[in-house]
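Have a look at the structure below, then the notes.
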Amino acid sequence: MNEELEHLKLYLEIEKVRFGHRLNIDIDSVPESLACNLPPLLLQPIVENAIKFGLYDTIGEITIGLKTRVENSYLHIKITNPFDEKIQHSNHGTGFGLNSVQRRLFLLYSRNDLLITEKKENQFITQLKIPQSA
Amino acid sequence: MNKVIIIDDEPLARSIVIEYLQDYKNFEIVAECNDGFEGVKAIMQHKPDLVFLDIQMPKINGFEMLELLDTTPAVIFATAFDEYAIKAFEANAVDYLLKPFSYERFESAIKKWELKNMDKPAYKKNIDQLLENTEKQPEEKHRVVVRTNNEIQIIPVNDLYYIEAYDDYIKLFTKDNYYLKKKTMAYYEQMLDSSVFFRTHRSFIINLQQLTKIEPLEKNNYVALLKNGKKIPLSRSGYVKLKEKLGI
C-alpha cells in the first residue's frame, strides 16, 4: 500500500501542476494500512476517474479524498470525488476503468463484491475491499 | 491597440500565450478566463479583436461557447486535442495551435490574424459556416447550450420536447419552457440523432420519445400529440414519413 500511495502521489503531483489552483487532495491512511498488500496499480484507474470527472468537468475548487483503513483482515479503500449529476451522462468514457478493476478483482479473488460505487449528493464514491491473508 | 482575451482552463497554458504576446506591443490582454462561462461574459463586455480559445474545458467546450455569442470574434484555437478539429479548422479559423506550440508557430498564427483582420466580413462568414459544418464533438450531440439574459443553461437533448422555427431563430421547447437560439432547423435536423428526433413539418422537429399519439385534425390533416399535451402539426409528407418510421 505504501508503495502504491507513493505512485499515486507522483501522478497527483502532475495534475497539481496543471490544475493546482483548484485541486485539493485529502489523503487519510491509517498507519497499519500502509503495510497491507494490494494488486499493483489497481488504484490508478480509479484515481484517474476521480480526476477526470471531478476535475476536468467541474469549475471551482474541488477535493479528492482517499481514505484507507483495516478491518477484519480486509484493507478498505475509499475514494471520493465531486461530480455534476446534470451533465455527468454527457461525458461517459469508454467504461474501461471501472470494468477493468472489477475484472482484475474477480480474476484474483473470484469475487464480484469487492468494488462498490455510489453517487451521493454530488459526490462519487468508490469503495474497495482487498482481502489480506493472515 | 488590439484587445485580446485568453480562454483556457489551465493557468500554465494561458501563461505561455501571455509570455509570447509580450513581444507584441500592439496587443493588450483585457481578460483571462478559466472556462466558457467567463469567456462569454468577457467577450460580450470587451468585444475583443482576437481570442485564444481552448476546446476541452469544463461544462461547455470552446465550440459551444462560440455558439452562445451573437457575433463571433476572431479566434485562434489553442488546444492539445487534435482529431476532428484540425481537419476542419486548418482552412477556416484564424489558426489552430496544437499544444505544445513554439514561439515561431505562435508568430505565424498572429501573422495570419493580421492578414484576416484586413478582411473582416469574409472571415466572419467563414467562422459561422465553420461552426455549422464542423463535425460535432460527441458530447455536443447530447446537450444544447443556451443563453438567457446572463445565464447559460445546458439542456440534455433528452429533455427537449420539440423545436419550432421562429424567423431567423428557433425555439427549443422543454417540458414547460422554451429557449431561443439563432440556428436553423436544418442544423438541428442534421445534428440530432435521427432515430429520436423527427421533422414533422417545415417548422417543427419533435422528440419521438415524447410522442404519445397521432390524431386526426380534419380530413387528411393530422397532429402529433406530445406527453406534455402539446399538439404539433404534421405536414402531409411528414405524416407519411412518420408512419413509415414508426412502422404503421
Side-chain angles (χ1 to χ4, degrees), chain A residues 8-26 44-65 79-99 119-126, chain B residues 6-16 32-42 54-65 78-81 83 99-100 136-146 151-160 174-175 177 191-193 196 209:
Chain A
L8 288 178
K9 281 181 186 162
L10 289 175
Y11 164 65
L12 290 168
E13 281 306 311
I14 296 174
E15 293 291 351
K16 275 225 165 202
V17 169
R18 301 179 68 197
F19 295 103
H21 57 301
R22 57 191 192 88
L23 170 62
N24 294 307
I25 296 161
D26 178 16
Q44 181 72 21
I46 298 174
V47 175
E48 281 177 12
N49 270 355
I51 291 279
K52 180 176 163 193
F53 294 104
L55 183 63
Y56 293 169
D57 226 358
T58 54
I59 289 171
E61 282 202 19
I62 65 133
T63 300
I64 287 178
I79 293 161
T80 51
N81 66 274
F83 81 109
D84 188 328
E85 191 127 27
K86 269 192 297 194
I87 62 162
Q88 187 259 141
H89 65 95
S90 66
N91 195 12
H92 260 186
T94 55
F96 182 79
L98 282 179
N99 282 344
K119 295 165 191 171
K120 209 156 83 187
E121 291 157 8
N122 283 335
Q123 289 284 323
F124 192 86
I125 304 166
T126 310
Chain B
I6 306 169
I7 306 166
D8 195 312
D9 58 334
E10 291 187 55
L12 283 176
R14 294 200 303 269
S15 68
I16 192 87
E32 277 186 63
C33 308
N34 273 306
D35 53 67
F37 301 102
E38 290 179 21
V40 170
K41 265 193 222 154
D54 189 12
I55 293 176
Q56 277 199 316
M57 293 185 290
K59 311 276 185 191
I60 59 172
N61 68 32
F63 298 125
E64 290 173 316
M65 190 208 77
T79 172
F81 182 77
E83 294 197 355
K99 295 177 198 167
K136 289 281 144 190
Q137 302 295 312
E139 69 266 20
E140 287 177 61
K141 294 193 175 179
H142 298 292
R143 66 191 189 208
V144 177
V145 286
V146 291
E151 256 187 15
I152 292 167
Q153 291 203 41
I154 300 166
I155 307 170
V157 294
N158 290 335
D159 290 357
L160 291 177
T174 54
K175 191 156 184 285
N177 222 331
M191 191 268 277
L192 293 168
D193 180 358
V196 180
Q209 287 165 339

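Proteins get letters first, then strands, A, B, ... in listed order; numbering begins at 1 in each.
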Value rounded to 0.5 Å, distance of CG in B:Asn34 from CZ in A:Arg22: 7.5 Å
Of the backbone (N, CA, C, O) and the side chain (C-beta and beyond), which part of B:Asp9 lies under 4.5 Å from a heavy atom of chain A, both, or neither? both
A:Asp57 (side chain) donor-acceptor with B:Pro58 (main chain) under 3.5 angstrom: no
A:Glu61: side-chain hydrogen bond (donor to acceptor under 3.5 Å, both in side chains) partners, not counting sequence neighbours: A:Asn24
Return yes when atom NZ of A:Lys16 has more than 12 non-hydrogen atoms of other residues, nucleotides or ligands closer than 6.0 Å, and no otherwise. yes
Heavy atoms of other groups near B:Lys41 NZ, more than 12 under 6.0 Å: no
Could I get the full list of side-chain contact (heavy atoms from CB on, under 4.5 Å) partners for B:Ile155, not counting sequence neighbours? B:Val146, B:Asp159, B:Leu160, B:Thr174, B:Tyr179
For the residue pair A:Arg18 and B:Pro11, what are the closest heavy atoms and their distance? O-CD, 3.5 Å
Shortest non-hydrogen separation from B:Lys59 to A:Thr58 and the atoms involved: CE-CA, 4.2 Å
Which atom of B:Leu12 lies closest to which atom of A:Val17, heavy atoms considered: CD1-O, 3.3 Å
